[in-house]
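Pasting a structure here, questions to come.
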Amino acid sequence: MKKILILFFLCCCIQQDYYLQENYFQQEVNTTIDVSLNDKKHELSAFETIEYFNHSNAGLDSILFHLWPNAYKNINTALAKHDLENGEVDFRFSASNEKGFIDSLDFRSSNQQLNWTFYKNHIDIAVVYLKKTLLPGEKITITTPFKVKIPLGIFSRLGHIGDSYQITQWFPKPAVYDKDGWHPLPYLSQGEFYSEFGTYDVKITLPENYVLGATGDLVNGENELKFLMTKVNQTKQLMANPDSIKDGLTFPKSSKKTKTLHFHQENVHDFAWFADKRYHVLKGEVELPYSKRKVDTWAMFTNNEFDLWQNAIEYINAATYNYSLWVGEYPYNHVTAVDGSISAGGGMEYPNITVIGESYNDYSHDLVITHEVGHNWFYGILGSNERENAWMDEGINSFFENRHMESRYPLKNSTNNTLLNSLNLNGKSMMQLGYQFNASRNNDQPIQMGANKYSSMNYGVIVYGKTGIGFNYLKEYLGDSIFDSAMKMYYQNWKFKHPQPKDLEKIFNNSSTENLSWFFDDFIKSTKKIDYKIQHVSRKNATTYHIKLKNKTGFPAPIAVTGINNKDSTITFSKWITGFKKDTLFTIKTKEELSNFQLNYNNISTDINTSNNFSRTKGLFKKVAPIKLKLLAGIENPSNTNIYFSPLLGWNNYDRLMPGIAVYNSLILEKKLEWGIHPMYSTSNKSLVGTGSINYQLYPEKLFSRVSIGYSLNTFFHQPVVANDRWMRNELFAHFKFKSKNIRTSAAQSIQIKTIRIDENIFSGNFTYPLESFPQTSYFNVIEYQLKNKQFLTPKGVNIKYIQGFRQDQALVSSLQLTANYRINYNKKLNGFELRFFGGYNFFSSSSRYNFLMRGQDGYNDYLYERTYLGRNTGFPNMLFQQSSNSHGAFKINTAIGRPEKWLIATNLKLEIPKVPIGLFSDLGVFPNYEVFYNPSTGSTEESKTIEPMLNAGFYFSIKANNKAFLSVYFPLLYSQNIKTSAVYSAVNSIKDLDFLQKITFVIALDNINPRNLIKDFGP
Ligand SMILES: [Zn+2]
């Protein structure tokens, strides 16, 4: 091992610049800063000097500087807008003293003031104009004082919480100038950095009792080192005697005396520091694998997760060692991890130093530390453009992080651990699950794309997840030695430089004889899906098999074929098949007889459909993998045909309690063919009720991102128990989801076409009921268009729906409806103000059942049987009749008036009150009222037509899940006279004036807690 490596390093020396781009250059920026912290005002005062070397062959008239603390200055910055698109509302609703900025700038060169302006409306980028052109090969020294008002540390990286400081992206810093010109990047949370390498020399002045972690080596730091070692001893004493730990997180008073710490580091592209008076300190060291050089490791942490941090040094050491082993040796003198209780969860990387959020358990603490330490390589040393090619740092780093974690926690991947196995909780399968979740719905985005263009979920599941899976895929395909030597070559050639995707590709192509365009073109640059199928397996004799594979998508990625022997469930055969576009036929000779073949057995590729990856070598139904029943949900694998189940319990007025079971073939991943049945037992009718559906999905390239066609069946009882009548609803549907131009900001649009057959009063018993109790069949056609925007603070939508119905040859209804919704969320808890408009016009209505209803459709008026009602034909005074829906006029009052045949217009307002599940509502509507009356003066009947207004207002109470109400109860307090005097017809023909309790309505929206819908909502 060692020998090979020495040889390998020799090769690298010879080829040092072989892989550099033609005419590659990079600028050099050396930065000197003197800064002091004012921890009363949470301010920095500093003086900065930069030396800028122009190594390009163009003259520069100006230099672009990032002024990133200004990203926190107001709600119009790129950061503020981008975070809001991601649904982050803290900054949007922050107070002005919580925001931050940089000011007091005075750029000078040779003591001459330089003019500067903001770059294109970005207040966090400056253009500094030089007095004379900086020619190729020349250098310029620029100085500026600056002050930073440190923002609250809950928005994005830079910040303070009390006296805990996270000082990052804090000084004026030149943007990168490379062969493509300037790279001015407004600061964003999603999409990181691109910076010039150079030397940093930073002096920090702050009260003496702060513990400080920073980029770079301490210069003349004997006193500080003594101070830190005292902290180390105290920390060790606490660890030995954990009862003595006070679990407080209060800040000790700042010393009156200050200290100035001096840090120096060459070959880095950023400088960050973290200061906290509460930090405990641990120190260790790690010996690097090849040079045996020793690197100091430090952990600095508060009481917050004291127990977890006791092991931090070991995590830092292990990560530093393995990354050095697999990629290249750590070139600096220390690796430090600090506790940033500032940022909840996750962590953030800077050269030499990383900040770790709350981790909750040892495993994830190790994982986050490893990930952030790993960024010293993929970000720190290999300085790719993270805004443009985030996969080159986050993705490749996730791959190594996962490789490292698998080497440390083999149990998590052990096939012996049934619990972990059934949950599939290891890192790789979590990445698979995330990727497949979005890819199976065609909601994924390519790996190669600007970081700011991803939906926030795709930023995780594609940039980190799919890239992480991809590099493991590449490693498994090429073999460890080719893969590792290519990575080491990449490191040797590109350390302290700015590699581009092409540079990495070139190294892999030269390291391997395989054609890797499937990886660097299709896998990285497209959203093409992999789906191979075992077409057939024929058995020549006990040890010879012909196998035909088919490529269902045409993406020619390599695929692993595995042969399994059922007797002892051992893998007796495994082979990579080079990618092909259509199909391939090959013969396999094995040592022993095999029971079955499987594709992608170890879940290494991103094959999107596991159901066609299995075939037995003989027998009937060869391609159906053994059926496995699983509770709730799980991840797919080719060895089984998974069927999921979960218990159900329902209730309505006619079936009473309905125990049942849901059986379905998918939940987390979307499958091309999905089915689900939910049989339930009606305890009152002693009969089977329930629902079922089957649908098939297509993912066209153009116009629509997804087309779903399907069939559903629902049947329950709908008359009082004695009548023993049921309804049945058969629906054929097609749902078209339009492709959106911009997954982050474009409105979501869809069209739905349905044909519905409704059977009512079927299986009628002997009892004859006075209302329409004869069996009848009605048909309806529905076409519906829906548009929903994605603005987080002001969600709005429009729905247009046309319904046409008939029974035998008789028309029932022809109706057009428009509903518009507008909402303004006015605080960070997303309490809001909601406005709804409804306009409906009936071209024809055969009976009052098909008329519009001012109070919103009740169970009887829901003639399409679209919603869940506890009672449908209950009639008044049964309380269930007070169930309403947010449809038609949506008046929140139980009233009989407002049931026009022709048209109805209504608006509804809702105002949520912060902190309580209570709100105010008001409804306003109009409808035409026709009255036929006898006119004694003319002696004839006459018709009068009036436009009748209705008004209603009150308060409501609602229970929300996932920020959507699933139960709301409305209490009307003020309403117009026509409502006051109106009555409700009961099932037994009596009319009653309603008291306050009887005017209350309630709305149940079960869709808002249906796991299937919740999962659907989860995507972009
Ligand atoms: Zn990362």
Side-chain angles (χ1 to χ4, degrees), residues 747-752 782-803 813-826 830-843 845 850-858 861-862 864 866-867 884-895 897-913 919-929 946-956 958 963-965 968 970 972 974-976 978-979 1001-1003 1005 1007-1008:
Q749 292 182 79
S750 64
I751 287 180
Q752 218 174 142
V782 180
I783 179 159
E784 192 174 349
Y785 166 81
Q786 176 127 355
L787 180 137
K788 265 187 193 168
N789 83 342
K790 285 190 183 137
Q791 278 140 37
F792 210 75
L793 287 184
T794 53
K796 35 187 181 276
V798 171
N799 180 296
I800 301 169
K801 196 176 190 179
Y802 174 74
I803 303 167
V813 65
S814 169
S815 154
L816 185 65
Q817 320 176 359
L818 181 141
T819 314
N821 289 289
Y822 182 71
R823 185 182 162 97
I824 297 171
N825 291 313
Y826 59 76
L830 296 183
N831 289 118
F833 164 83
E834 218 170 272
L835 177 65
R836 176 181 179 274
F837 170 84
F838 176 83
Y841 185 83
N842 265 351
F843 301 97
S845 167
Y850 305 105
N851 291 358
F852 294 114
L853 209 57
M854 196 60 94
R855 61 158 270 193
Q857 290 181 287
D858 56 35
N861 189 230
D862 178 37
L864 293 175
E866 283 180 310
R867 298 180 198 88
S884 192
S885 64
N886 195 24
S887 59
H888 292 185
F891 260 52
K892 283 107 192 151
I893 187 162
N894 185 18
T895 177
I897 73 151
R899 196 178 199 131
E901 190 185 320
K902 273 289 169 211
W903 59 266
L904 182 151
I905 292 172
T907 62
N908 317 93
L909 294 174
K910 262 185 174 180
L911 177 69
E912 290 167 359
I913 297 172
L920 304 174
F921 69 83
S922 82
D923 306 310
L924 171 67
V926 287
F927 68 97
N929 201 2
T946 52
I947 304 289
E948 192 144 351
M950 286 172 72
L951 260 168
N952 175 39
F955 72 96
Y956 69 95
S958 71
N963 214 34
K964 285 179 173 172
S968 309
Y970 297 93
L974 295 166
Y975 32 84
S976 47
N978 49 6
I979 295 176
T1001 57
F1002 65 96
V1003 171
D1007 276 357
N1008 288 346

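Numbers here simply count residues along the sequence, with the first being 1.
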Quiz question: by atom type and distance under 3.5 Å, do the side chains of Asn799 and Gln786 form a donor-acceptor pair? yes
Taking the side chain from Asn831 and the backbone from Glu912, do they hold a donor-acceptor pair closer than 3.5 Å?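 Side chain of Asn831 to backbone of Glu912: no pair is present.
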Is the count of non-hydrogen atoms from other residues, nucleotides or ligands lying under 6.0 Å from Lys902 atom NZ greater than 12? yes
Please assess Thr819 against Arg836 for the test side chain to side chain contact (heavy atoms under 4.5 Å, CB included), listing each intermediate value before the final yes or no. CA-CA 7 Å; Thr819 314; Arg836 176 181 179 274; 3.7 Å; yes
Asp923 meets the salt bridge (Lys or Arg N to Asp or Glu O under 4.0 Å) criterion, sequence neighbours left out, with Lys892
What is the minimum heavy-atom distance between Leu830 and Phe792, and which atoms define it? CD1-CE2, 3.7 Å
Rounded to the nearest 0.5 Å, what's the gap from CG on Asn929 to OG1 on Thr946? Could you check? 4.5 Å
CZ/Arg823 to CG/Leu835 distance, rounded to the nearest 0.5 angstrom?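 Separation between the atoms: 12.0 Å.
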For residues Phe833 and Leu909, determine if any side-chain heavy atom of one lies less than 4.5 Å from a side-chain heavy atom of the other.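 They are in contact (side-chain heavy atoms under 4.5 Å apart), so the answer is yes.
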Residue pair Ser968 / Ala965: nearest heavy atoms and the distance that separates them: OG-CB, 3.7 Å
Can any side-chain N or O of Ser887 pair as donor or acceptor with the backbone N or O of Gln857 at less than 3.5 Å?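 Confirmed, Ser887 side chain pairs with Gln857 backbone.
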Could you report the tightest heavy-atom contact between Gly889 and Asn908, atom names first, then the distance?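 Scanning both residues completely, I find the closest heavy atoms to be O-ND2, 2.9 Å.
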Close side-chain approach of Trp903 and Val926, heavy atoms under 4.5 Å: yes
Between atom CG of Asn842 and atom OH of Tyr850, what is the distance when rounded to the nearest 0.5 Å? 11.5 Å
Might you work through the side chain to side chain contact (heavy atoms under 4.5 Å, CB included) test for Phe852 and Ser845, ending with a clear yes or no? CA-CA 10 Å; Phe852 294 114; Ser845 167; over 6 Å; no
Within a strict 4.5 Å, meaning less than it, do heavy atoms of the Gln817 and His888 side chains meet?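 The answer is yes, as the side chains (C-beta and beyond) meet within the 4.5 Å cut-off.
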Taking side chain as C-beta onward, heavy atoms only, is Met854 less than 4.5 Å from Ile979?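 Contact flag for Met854/Ile979 side chains = no.
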Counterpart residues, ring pair (Phe, Tyr, Trp, His ring centres under 6.0 Å), relative to Tyr975 (two or more places apart):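 By the ring pair (Phe, Tyr, Trp, His ring centres under 6.0 Å) rule, Tyr975 matches no residue at all.
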Test ring pair (Phe, Tyr, Trp, His ring centres under 6.0 Å) applied to Tyr956 - qualifying residues, sequence neighbours left out: Tyr970
Of all the heavy-atom pairs spanning Leu787 and Gln749, show the shortest one and how long it is. CD1-CG, 3.8 Å
List the steps, then state whether side chain to side chain contact (heavy atoms under 4.5 Å, CB included) holds for Tyr826 with Leu911. CA-CA 10 Å; Tyr826 59 76; Leu911 177 69; 4.1 Å; yes
Once rounded to the nearest 0.5 Å, what's the spacing between atom CG of Asn886 and atom CD of Glu834?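 If we round to the nearest 0.5 Å, Asn886:CG and Glu834:CD are 7.5 Å apart.
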Would a 4.5 Å heavy-atom cut-off, applied to side chains only, mark Ser885 and Glu866 as touching?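 Counting from C-beta outward, Ser885 and Glu866 never come under 4.5 Å.
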For residues Phe891 and Ile897, determine if any side-chain heavy atom of one lies less than 4.5 Å from a side-chain heavy atom of the other.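 Of all side-chain heavy-atom pairs linking Ile897 with Phe891, none is under 4.5 Å.
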In this structure, CG of Leu924 is separated from CD1 of Ile905 (nearest 0.5 Å) by 10.5 Å
Please report the shortest heavy-atom distance between Pro949 and Ser976, naming the atom on each side. O-OG, 4.4 Å
For Ser814 and Tyr802, which heavy atoms make the closest approach, and how far apart are they? OG-OH, 2.8 Å
Quick check for you: to the nearest 0.5 Å, what is the distance between Ile947 atom CD1 and Phe927 atom CZ? 9.5 Å
A side-chain contact here means heavy atoms from C-beta on lying under 4.5 Å apart; do Asn789 and Pro795 qualify? yes
In the structure I gave you, are the side-chain heavy atoms of Arg855 and Asn894 within less than 4.5 Å of one another anywhere?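 Of all side-chain heavy-atom pairs linking Asn894 with Arg855, at least one is under 4.5 Å.
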